[in-house]
Amino acid sequence: MVSSNRIIFHIDVNSAYLSWTSVYNLQHGDTLDLRMVPSVVGGDPRSRHGIVLAKSIPAKKYGIQTGEPLFSARQKCRDLIIVPPMYDLYIRSSNAMVEILREYTPYIQRFSIDECFLDFAGTENIYKDYIELAYKIKDRIREDLGFTVNVGISTNKLLAKVASDLEKPDKVHTLFPHEIREKMWPLPVENLFMVGRATLPKLNKMNIYTIGDLANHDVEILKASLKSHGVLIWNYANGIEDSEVRSCNLPEVKGVGNSTTTSFDVADRKTAHMVLLSLVETASMRLRNLGNCCRLVSVSLKTSSFVNYSHQRKLLTPTNSTRKIAETAYNLFDEIWRGEPIRHLGVYLSELCSSEFYQISFLDDEDTEKSSRLDKAIDAIRLKYGPKAVMRSVFLHSGLKPMMGGVTEDDYPVMTSML
DNA sequence: TCTGGGGTCCTAGGACCC
DNA sequence: TCTGGGGTCCTAGGACCC
């Protein structure tokens, strides 16, 4: 049951990756504050990872956007400073922030590495003024940790999130239901959560340009053309949203996947299999760490001309065996590959179930049991000595990493399109 | 030196069953 | 005896988020 007058905060780290790198640099003797100059965090173009992951506010003024190629970002600003990502630092910075937030309420949902929802249910007698509280939290994070956040305040998560996005950086905004018309409706419709680059042109075609235009459009017409998504964004435009701040009972993981853009085009089956094996090593280890088996294995690929396709297969019995999953992935790949040069390969394991059930049946199949014990032993060594401690001999001198894809120990909160 | 990687959810079409 | 129709499962593709 959701109370109608909840108080929800949305905390959003300003230019998260960039701020965190900047603070780290300043703390280590650097004198330049990257946040004050046109700068971005970006991948390495030599390995074909050259996109903007985060931008400073001055970089934004040049029209630089997250996700855009560094090549094009540099054309917009010749003096652009580009720094590499530091993922370990980002996880530590995120955790440090959450530790502070926990002092104010136990009801915290980590929505992504740099965003949290806070629910202040049952605190009416503790906090007299929530706006004052928001300033206190914001300033506390800045003083203790050195980076700034925006705080959005409202009665549901959607409105709080829109509020925190209003004006940056280092700001507190409210967006209560009575303020929707004045503060939210004039905004461009693409600012609304869940209106992405495919939906925007469809809305524009219907003469919808602002969130207010969407809110006041006939919902039946939206439903006819955009199906359930049309109803969802119409509700959002009207501030209607009632999901819980999920601080516990987190939804179970639906699947684990790893994918990679290779530093060169893969042109032969054998190399493709090696990349797939490397991805399966990472994904299946994550699966085992979760205590799960999967029943569905999917392989996806992107060609050098950016065409995507995928293929999947349901297994007769669930598994978490590296060998079994890799063999399935090889077969799937061989069945779909049309022979073009490959830029990107991915493996996704889903339809998960607990691995405990299958412990017993391992005894039936000597081969499966052996393979499971081997996986376990290798996982333990990698946990203790690092992922490079054990590698399959095929990777020796291959120039390929034996375990591709990220998210291992510190499985940080997943980012999703669900509130 | 041009375009990432981790997710969740939805839809459409075809197979298959009764 | 000139072609229904509902339900479910499977698969591929694409939407969205950060």
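Convention: sequence-line order gives letters A, B, ...; per-chain numbering from 1. Because only heavy atoms are used, hydrogens play no part in the values below, and waters and symmetry mates are left out as well, while side chains stay in.
Atom P of nucleotide B:dT3 and atom CD1 of A:Ile82 are separated by 12 Å, given to the nearest angstrom. Between A:Leu352 atom CG and B:dT8 atom P the separation is 9 Å, expressed in whole Å. Going from atom OH of A:Tyr348 over to atom C1' of B:dG6 covers 9 Å, rounded to whole Å.
Here the nucleotide nearest the side chain of A:Arg343, chosen from B:dG5, B:dT1, B:dT3, is B:dT3. Considering only the side chain of A:Gln312, C:dA12 comes nearest among C:dA12, C:dC16, C:dC18. Minimum atom distance to the side chain of A:Lys254 is reached by B:dC9, of the listed B:dC9, C:dC18, B:dG4. Nearest nucleotide to the A:Phe111 side chain, out of B:dT11, C:dC18, B:dG6: C:dC18. Comparing B:dG4, B:dT3, C:dA12 by their closest approach to the side chain of A:His311 singles out C:dA12. Set against B:dT8, B:dG4, B:dG6, the side chain of A:Leu53 has B:dG4 as its closest nucleotide. Considering only the side chain of A:Phe71, B:dC2 comes nearest among B:dC2, B:dT3, B:dA12. If you check B:dT11, B:dT1, C:dA15 against the side chain of A:Arg46, the one that comes closest is B:dT1. Looking at the side chain of A:Ala198, the nearest of the listed nucleotides C:dC10, C:dC18, C:dC16 is C:dC16. The listed nucleotides are B:dT3, C:dC18, C:dA12; the one nearest the side chain of A:Ser310 is C:dA12.
Comparing A:His229 and A:Phe306 by the nucleotide of DNA chain B whose heavy atom lies nearest to each, the residue mapping closer to the 5' end is A:Phe306.
Residue A:Tyr62 places its OH atom among 12 or fewer non-hydrogen atoms of other residues, nucleotides or ligands, all under 6.0 Å distant.
One P atom belongs to C:dT3, the other to B:dC17, and the distance between them is 23 Å to the nearest Å.
Checking B:dA12 for Watson-Crick or G-U wobble geometry (two distances, each under 3.5 Å) identifies C:dT11 as its partner. B:dC18: Watson-Crick or G-U partner is C:dG5, with both key distances under 3.5 Å.
Using a 3.5 Å distance cut-off with no hydrogens or angles, the side chains of A:Thr174 and A:Glu179 do pair a donor with an acceptor.
A:Gly43 comes within contact range of no nucleotide atom at all, as no heavy-atom separation falls under 4.0 Å. Among the atoms of the strands shown, none is found under 4.0 Å from any heavy atom of A:Lys202.
Aromatic ring pairs are classed by plane angle as parallel below 30°, tilted from 30° to 60° and perpendicular above 60°; the pair A:Phe333 and A:His273 is perpendicular.
Relative to the ring axis of A:Tyr24, A:Arg92 does not place its NZ or CZ within 45° and under 6.0 Å from the centre.
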